[in-house]
2 protein chains.
Amino acid sequence: MAGTSHRAAPEHTHPDGVPVLTALAALADPVRAQLVRELAGSADWSRSCGTFDVPVGKAALSHHFAVLRAAGLVEQRDEGPRRVNRLRRAEFEARFPGLLALVLRDDMRRG
Amino acid sequence: MAGTSHRAAPEHTHPDGVPVLTALAALADPVRAQLVRELAGSADWSRSCGTFDVPVGKAALSHHFAVLRAAGLVEQRDEGPRRVNRLRRAEFEARFPGLLALVLRDDMRRG
DNA sequence: CCGAGTGTTCGACGAAAACCATACAGTGGC
DNA sequence: GCCACTGTATGGTTTTCGTCGAACACTCGG
């Protein structure tokens, strides 16, 4: 049975069902903001969770991705042993116009 | 000396000097979001701090206003015994285009 | 079938944040 | 001068959040 995954698929939330405060809280964290920025600079499904340059262990990293999923920011798919990611640009932009751009265009000021 | 206030003027931060994550964190709180919404629906300098319908004591309320000031969202001025507020619509919009609209246009969903 | 690689889950910990009650500092009316 | 009113500052409690270490689950290659 090739192509069959026996791993539990990650739970995804569509941006349409996400409250604004949840979206803001998801982005108001330095680690998650960095994840989103790197993800925005990469092609869809090209980055697995372990390939991000953030100063946290894999347990915390896994938690952050869960938060991003719950906020409708990230979609994940299992590809062999790793879990590859995609930034939900269009859907998130439709729900929260301009929000993603604010985080991406930021001048990396202190904070 | 009429017109002289002996009270320390509140410290204000212009939105231009505010990091994006600080702005997001300031708005990602239910109480503060409510303050901003009520403020947006009132004329400038028409509301003093005590006139907002939020379920917290005045100590916490004072703290929330300090956070909003530090995020460049609110300007305050002393008017007799009370401190009246103004939402910095234009300045904040110039620094974070679309962000205020997201909080104001929200459908008040749970969360 | 085993072992390396990848990511999640669990429990615990510390730091940060929200909150309250109280005390304090101005303002203005009496 | 006193007192009610408004908001700030302080100290301490509770809750939330980010983090880690360790254990577990799954995939794939030998």
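Reminder, nothing fancy here: chain letters follow the sequence lines and each chain counts from 1.
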> For A/Asp78 and D/dC28, what is the distance between atoms CG and C1' respectively, to the nearest whole Å?
14 Å
> Is the distance from OP1 or OP2 of D/dG7 to the nearest side-chain N or O of B/Ser48 less than 4.0 Å?
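It does, given that an N or O in the side chain of B/Ser48 lies less than 4.0 Å from OP1 or OP2 of D/dG7.
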> Residues sharing B/Val84's hydrophobic cluster, by side-chain heavy-atom contacts under 4.5 Å among ILVMFWY, directly or via others?
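For the cluster that includes B/Val84, the remaining residues are B/Trp45.
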> Could you tell me the separation between the CZ atom of B/Phe52 and the C1' atom of D/dG7, rounded to a whole number of Å?
13 Å
> Base contacts versus sugar-phosphate-only contacts with protein, heavy atoms under 4.0 Å: please encode nucleotides 17-25 of chain D as B, S and - from 5' to 3'.
-SBBB----
> Take atom CD of B/Gln76 and atom P of D/dT6, then tell me their distance rounded to the nearest Å.
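Distance check: B/Gln76 CD to D/dT6 P gives 16 Å.
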> Could you check how far CG of B/Leu68 sits from P of C/dA18, rounded to whole Å?
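My rounded result for the distance is 11 Å.
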> B/Arg47 has an atom CZ; how far is it from atom P of D/dT6, in whole Å?
14 Å
> Residues two or more places apart in sequence or in another chain: which of them pass salt bridge (Lys or Arg N to Asp or Glu O under 4.0 Å) with A/Arg89?
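Per chain and number, A/Arg89 pairs via salt bridge (Lys or Arg N to Asp or Glu O under 4.0 Å) with no residue.
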> Whole angstrom is fine here: how far is it from CG in A/Asn85 over to C1' in C/dG7?
11 Å
> State which residues pass side chain to side chain contact (heavy atoms under 4.5 Å, CB included) with A/Pro97; sequence neighbours excluded, sorted by chain then number.
A/Glu93, B/Leu102
> Tell me, please, which residues at least two apart from B/Arg82 pass salt bridge (Lys or Arg N to Asp or Glu O under 4.0 Å).
none
> Please tabulate, for the side chains in residues 57-71 of chain B, all donor-acceptor contacts under 3.5 angstrom to protein atoms that are two or more places apart in sequence or on a different chain.
from, atom 1, to, atom 2, distance (Å)
B/His64, ND1, B/Arg32, NH1, 3.1
B/Arg69, NE, B/Glu11, O, 3.2
B/Arg69, NH1, B/Gln76, OE1, 2.5

> Quickly work out the A/Phe65 CZ to C/dG7 C1' distance and round it to whole Å.
11 Å
> Can you tell me how far C1' of C/dT9 sits from CZ of A/Arg83, to the nearest Å?
12 Å
> Any sub-3.5 Å donor-acceptor pair from B/Asn85's side-chain atoms to B/Arg47's backbone N or O?
yes
